[in-house]
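To start, the structure under review is shown below, and the notes come after it.
Just so we're on the same page: letters track the sequence lines, and every chain starts at 1.
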Protein chains: 2
Amino acid sequence: MPAMSTIIGYKLRRAQLHVFQDFIGTFSKLKLRPAEFSVLTIIANTPGLKQSEIAEMLGIKRANFVALMDGIEKRGLAERRKADTDRRSHSLHLTPEGEKFVRKMAAVWAEHETRLIERLGGARERDRLIELLDRLIEPAGQ
Amino acid sequence: MPAMSTIIGYKLRRAQLHVFQDFIGTFSKLKLRPAEFSVLTIIANTPGLKQSEIAEMLGIKRANFVALMDGIEKRGLAERRKADTDRRSHSLHLTPEGEKFVRKMAAVWAEHETRLIERLGGARERDRLIELLDRLIEPAGQ
DNA sequence: CGAAAAATGTTTTATATCATAACATTATAG
DNA sequence: CTATAATGTTATGATATAAAACATTTTTCG
């Protein structure tokens with residue numbers, strides 16, 4: 001049998017758990033979990049998307065997205081707006097408070113990401129890692 | 001805000017989920033989950049280790065390891081033996097049937113891993129990926 | 001030696017994550 | 001206009017993970 005240390009899936013899982021632990025620790029001051037971070041990031045970058053669209057982008061079942069978005073909305077960071085073109089759907093937008101929060105979030109994220117890049121040995125290695133991971137995800141590299 | 005596609009932790013998570021989906025699909029014929037695969041691999045490579053030692057290697061809480069090992073033992077693939085040097089602990093060993101199973105497992109795993117290596121672009125890229133992931137896990141690169 | 005502390009495996013419990021089914025409302029197709 | 005599909009939601013079950021408490025056994029050390 002191959003050694004565990006050479007198995008791609010195993011190494012990926014361990015690295016992902018380790019990085020998420022760093023993330024969770026770094027973001028404990030903002031009480032923000034990775035899923036919430038990713039939702040806020042997408043809303044900040046592309047406001048107005050439908051709930052289902054964001055859920056699908058992130059690989060989250062729309063049923064499970066509801067509670068996630070409830071929490072974000074209850075904290076006053078983002079809001080659902082009824083789209084008048086399609087009154088079934090909710091388009092998602094940051095609140096003014098959410099805009100402020102996202103700026104803080106970006107600073108905390110930079111702290112976290114910089115630490116990871118240092119571990120990797122530089123931005124060049126980061127780019128190489130992203131490229132290799134994209135090849136694994138392929139073909140839908142979003 | 002940075003695009004999600006450039007965020008290390010996010011890309012890592014997506015790649016890991018994708019690879020695990022491939023793993024689960026490939027191993028459905030053996031009805032084997034990733035955690036069971038890793039336990040059997042370690043027992044095959046280093047028989048006689050204590051339950052706690054294997055659990056810790058894999059980052060599994062020893063409380064959660066119990067049910068995992070129960071399942072493996074009930075399938076007749078491995079067994080707990082009371083160590084006479086320390087009668088608290090159980091040392092883990094494959095059964096003869098487990099030895100046969102592990103050989104089948106290795107063949108199925110090669111099929112899965114080969115597909116991943118092709119996606120990456122070759123063994124060289126695989127090695128590079130493992131190296132980068134190790135840097136993230138650091139310093140305990142097991 | 002003998003008592004306190006630690007290690008090992010186990011059970012129980014709580015929490016978080018993820019998938020599935022069913023439903024009401026609204027939009028679209030034919 | 002009716003049948004079908006899409007959207008958000010609720011409810012439920014399965015799985016993964018973490019923590020606490022316990023019995024048994026070993027180790028520590030006064």
Q | First of B:Arg33 and A:Ser89 reached from the 5' end of DNA chain D, by closest nucleotide | A | A:Ser89
Q. Would you call B:Lys29 and B:Glu111 a salt bridge, taking side-chain N to carboxylate O under 4.0 Å as the test?
A. yes
(Q) Strictly distance-based, threshold 3.5 Å: is any side-chain N or O of A:Lys82 a donor or acceptor partner for the main-chain N or O of A:His90? (A) no
Q. Would one find a side-chain N or O of B:Lys61 under 4.0 angstrom from OP1 or OP2 of D:dT17?
A. no
Q. With nearest nucleotides of DNA chain D determined for A:Ser91 and B:Ala35 from heavy-atom distances, which residue corresponds to the more 5′ nucleotide?
A. A:Ser91
**Q.** Carboxylate-amine/guanidinium proximity below 4.0 Å for A:Glu131 and A:Arg128
**A.** yes
Q. What integer distance in Å separates B:Arg62:CZ from C:dA6:P?
A. 14 Å
Q. Are A:Asp70 and A:Arg80 within salt-bridge range, i.e. N to O under 4.0 Å?
A. yes
Q) So, is A:Arg13 near the phosphate of D:dA16, with a side-chain N or O under 4.0 Å from OP1 or OP2? A) no
Q: Return yes if a side-chain donor-acceptor contact under 3.5 Å exists between B:Thr95 and B:His93, otherwise no.
A: no
Q.
In whole Å, I'd like the distance from the CG atom of B:Leu17 to the P atom of C:dC18.
A. 7 Å
Q: Check the distance between D:dT9's P and A:Lys50's NZ and give it to me in whole angstrom.
A: 13 Å
Q) D:dA6 P sits how many Å from A:His90 NE2, rounded? A) 18 Å
Q: Please determine if A:Glu118 and A:Arg115 form a salt bridge, counting it only when a charged side-chain N lies under 4.0 Å from a carboxylate O.
A: no
Q) Which comes earlier along DNA chain C counting from the 5' end, the contact point of B:Gln51 or that of A:Ile60, where each point is its nearest nucleotide? A) B:Gln51
Q) So which of residues 64-88 of chain B are in contact with DNA chain D, with a heavy-atom cut-off of under 4.0 Å? A) B:Asn64, B:Asp86, B:Arg87, B:Arg88
